[in-house]
Protein chains: 2
Amino acid sequence: MSHDLDQSVLNTLSQVSLFEGLTPHQLQIILQAAHHRHIPRHGYFFHQGEEATHLYVLLQGKARLTQITPEGQQVIIHLLGPGDPVAIIVVLSHAKYPVTARAHTHCDALSWERDSITRLMEQYGRLSLNGLKMVSERFLEMQDRYRELATERVERRIARALLRQINKPGNGRAAPHKITLSRQDLAEMTGTTLYTVSRTCSSWEQQGLITAGRGRITICNYTDFLNIAEDLPR
Amino acid sequence: MSHDLDQSVLNTLSQVSLFEGLTPHQLQIILQAAHHRHIPRHGYFFHQGEEATHLYVLLQGKARLTQITPEGQQVIIHLLGPGDPVAIIVVLSHAKYPVTARAHTHCDALSWERDSITRLMEQYGRLSLNGLKMVSERFLEMQDRYRELATERVERRIARALLRQINKPGNGRAAPHKITLSRQDLAEMTGTTLYTVSRTCSSWEQQGLITAGRGRITICNYTDFLNIAEDLPR
DNA sequence: CGCTGTTTTGAAGGATTTCAATCGATGTGG
DNA sequence: CCACATCGATTGAAATCCTTCAAAACAGCG
């Protein structure tokens with residue numbers, strides 16, 4: 001990769017959990033194997049079904065992982081921010097990307113080729129252990145969402161999706177909590193329809209829990225809002 | 001661990017994908033750090049919410065991972081067979097078991113303490129890389145089930161659950177395919193109710209696709225059955 | 001200011017759940 | 001060996017949550 005980036009990227013990388021606990025020297029070697037990529041707003045890292053060739057680490061920007069059904073219905077699997085690894089799945093030999101990764105804002109990322117990152121992981125146990133940790137965390141979140149989808153009603157699922165968004169590290173923790181997602185986005189995150197999300201939000205707005213706008217939801221009353229996700233009797 | 005087990009266990013282990021590609025010497029060292037455990041039928045490896053202290057590798061038997069909601073509703077997260085790792089999540093420091101692991105038949109397993117396996121993984125990159133691969137695979141399955149739950153109707157989800165069961169490595173591939181799961185089990189695997197599963201199975205039986213019994217479903221007409229999972233217009 | 005894409009809302013319809021009752025299989029003990 | 005107890009499976013009817021479709025209101029942008 002180009003040399004002028006090394007220093008600033010090195011600083012960023014030391015805060016990326018995938019690279020935690022590695023020596024500066026190891027980091028240097030890993031970095032030398034990387035390529036720097038820019039993805040414009042609304043561009044794609046890769047598409048679902050393509051041969052999985054590259055692992056990415058997002059340095060700047062926001063992206064989303066989606067899956068699309070044969071019938072054309074879309075589901076949002078995950079929202080990505082700076083520091084997140086994308087497609088750790090490449091370590092599986094002969095895998096295809098199971099999702100589409102799309103840049104939501106302009107994105108700045110490092111990429112490694114499959115063989116290259118696999119070799120590095122085999123060499124540096126700490127690197128693959130970190131990778132294992134990160135996939136495990138994502139796995140736990142997916143498991144929770146699965147259980148939610150299997151057992152909880154729509155209103156609660158939407159509330160939980162909003163709370164998860166707020167509690168993400170990297171998002172400001174200060175009230176009022178503003179979430180920039182459209183009704184459609186929320187529907188695709190919670191396995192429901194645009195219409196149901198809209199109705200639910202309207203109801204919450206009337207109760208004074210949130211203020212809603214075009215592509216935006218702001219939680220005014222955090223504590224009362226929590227009750228929807230937790231206690232709601234039915 | 002006791003010495004008399006070493007030889008037979010070594011043979012089994014060489015077929016466990018978590019230990020693929022390790023040298024006999026490395027395997028030996030890893031094995032020395034393991035304990036051997038027997039879990040009787042219907043016994044528990046661990047309970048959801050307990051401090052995660054041990055990683056297991058199932059040598060013999062069948063087990064299941066379940067999550068239970070605060071309201072007491074149960075969800076089946078995964079069914080485990082010989083060779084499967086259990087709770088790779090321990091590598092996350094200070095994690096709690098996110099699920100309960102219960103022996104469905106008598107089980108025979110190896111276990112490692114958290115610190116011990118973490119150290120081994122850091123030391124042997126191949127070990128953690130294998131771990132990463134296995135979590136990734138489970139993650140992919142979970143992702144697919146999530147998308148299914150979010151977008152598909154009950155009938156298709158049940159059909160898919162049955163097919164996944166059949167296509168599991170380790171299960172005989174020969175027709176007729178017999179699946180030993182109760183209606184309740186299937187309901188907990190597909191996010192529906194016992195009643196809906198029963199109705200669906202009855203309907204399939206009338207169409208001659210399956211024969212159903214107490215705690216058992218046999219697929220007679222595999223190709224026609226596939227259509228339910230794939231083509232079914234609505 | 002008109003255009004485009006997002007959001008809202010109503011009304012109708014449908015898939016699935018819930019509840020209740022019954023049936024059937026399996027295993028046990030008298 | 002049969003009556004009984006138990007647990008799983010079936011089935012009907014009513015209720016409900018959510019979707020679907022259609023139409024209108026609204027926001028932001030060139």
Side-chain angles (χ1 to χ4, degrees), chain A residues 41-42 69 71-76 104 147-162 178-207 209-218 228 232-234, chain B residues 41-42 64 69 71-76 104 148-162 178-207 209-218 228 232-234:
Chain A
R41 183 171 139 88
H42 293 164
T69 68
E71 283 83 12
Q73 236 182 124
Q74 191 171 270
V75 172
I76 296 182
H104 199 228
R147 193 214 49 227
E148 252 177 60
L149 197 49
T151 62
E152 323 244 51
R153 302 206 177 290
V154 171
E155 183 176 28
R156 208 185 264 205
R157 297 208 303 270
I158 302 174
R160 286 255 170 83
L162 291 176
K178 182 175 169 185
I179 298 146
T180 51
L181 289 171
S182 72
R183 310 288 179 275
Q184 178 71 42
D185 290 341
L186 276 168
E188 290 176 8
M189 291 170 75
T190 56
T192 182
T193 62
L194 155 65
Y195 309 105
T196 302
V197 174
S198 176
R199 274 180 241 277
T200 307
C201 289
S202 297
S203 152
W204 286 342
E205 198 163 17
Q206 279 177 14
Q207 298 170 53
L209 296 170
I210 65 169
T211 61
R214 189 188 177 89
R216 167 189 62 78
I217 285 169
T218 314
I228 292 179
L232 206 79
R234 181 114 327 209
Chain B
R41 185 172 137 86
H42 293 165
R64 56 178 56 176
T69 68
E71 283 83 11
Q73 235 182 124
Q74 191 172 269
V75 172
I76 295 182
H104 199 228
E148 252 177 59
L149 197 48
T151 61
E152 323 244 50
R153 303 212 175 291
V154 172
E155 184 177 28
R156 207 185 263 206
R157 298 207 303 268
I158 303 174
R160 287 255 170 82
L162 291 176
K178 183 175 169 183
I179 297 146
T180 52
L181 289 170
S182 72
R183 308 290 179 275
Q184 178 72 44
D185 290 341
L186 276 168
E188 289 176 8
M189 290 170 76
T190 55
T192 182
T193 63
L194 156 63
Y195 309 105
T196 302
V197 175
S198 176
R199 274 182 240 277
T200 307
C201 288
S202 297
S203 152
W204 286 342
E205 198 164 17
Q206 278 177 13
Q207 296 170 54
L209 297 170
I210 65 168
T211 61
R214 191 187 174 91
R216 167 190 62 77
I217 285 169
T218 313
I228 292 178
L232 208 80
R234 184 124 322 216

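Residue numbering restarts at 1 for every chain, and letters A, B, ... go by the order of the sequence lines. Heavy atoms only: backbone and side chains are in, while hydrogens, waters and symmetry mates are out.
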Distance-only criterion, 3.5 Å: show the donor-acceptor pairs between side-chain atoms of residues 192-199 of chain B and protein atoms not counting sequence neighbours.
| unit_1 | atom_1 | unit_2 | atom_2 | d |
| --- | --- | --- | --- | --- |
| B:Thr193 | OG1 | B:Thr196 | N | 3.2 |
| B:Thr193 | OG1 | B:Thr196 | OG1 | 3.1 |

Sorted by chain and number, sequence neighbours left out, side-chain hydrogen bond (donor to acceptor under 3.5 Å, both in side chains) with B:Glu205 holds for none

Partners passing side-chain hydrogen bond (donor to acceptor under 3.5 Å, both in side chains) against B:Gln73 (at least two apart in sequence or in another chain): none

Hey, what do you get for CD1 (B:Ile76) to OG1 (B:Thr190), rounding to the nearest 0.5 Å? 9.0 Å

List every contact pair, protein side and nucleotides 3-5 of chain C side both N or O, where the distance is under 3.5 Å.
| unit_1 | atom_1 | unit_2 | atom_2 | d |
| --- | --- | --- | --- | --- |
| C:dG5 | N2 | A:Arg214 | NH1 | 3.0 |

Could I get the full list of salt bridge (charged side-chain N to carboxylate O under 4.0 Å, His left out) partners for A:Glu148, not counting sequence neighbours? A:Arg160, A:Arg164

Have B:Gln206 and B:Ser202 got a donor and an acceptor in their side chains that come within less than 3.5 Å? no

Sequence-distant partners of A:Ala159, side-chain contact (heavy atoms from CB on, under 4.5 Å), two or more places apart: A:Trp204, A:Phe225, A:Ile228, A:Ala229

One thing to verify: whether B:Arg156 and A:Glu71 come together as a salt bridge, which I'm taking to mean a side-chain N less than 4.0 angstrom from a carboxylate O. yes

Pull out every protein N or O sitting under 3.5 Å from an N or O of nucleotides 13-16 of chain D, one pair per line with the distance.
| unit_1 | atom_1 | unit_2 | atom_2 | d |
| --- | --- | --- | --- | --- |
| D:dA13 | N6 | B:Arg199 | NH2 | 3.4 |

Whether B:Ser202 contacts D:dT11 is assessed here as follows: a side-chain N or O lying under 4.0 Å from the phosphate OP1 or OP2. Is that the case? yes

Contacts of B:Arg216 that satisfy side-chain hydrogen bond (donor to acceptor under 3.5 Å, both in side chains) - sequence neighbours left out: B:Thr218

For D:dT10 and B:Ser198 - does any side-chain N or O of the residue sit under 4.0 Å from the phosphate oxygens OP1/OP2? yes

Tell me the bend of the helix from C:dG14-D:dC17 to C:dG30-D:dC1 as the angle between end helix axes, each from five pairs, rounded to the nearest 10 degrees. 20°

In chain order, what residues pass the side-chain hydrogen bond (donor to acceptor under 3.5 Å, both in side chains) check against A:Thr180, with sequence neighbours excluded? none

Counting just side-chain N and O atoms, does A:Thr196 come under 4.0 Å of either OP1 or OP2 of D:dC17? no

Looking at D:dT11, D:dA9, C:dT18, which one has an atom nearest to any side-chain atom of B:Thr193? C:dT18

Euclidean distance, atom CD of residue B:Glu152 to atom P of C:dA15 [Å, nearest integer]: 15 Å

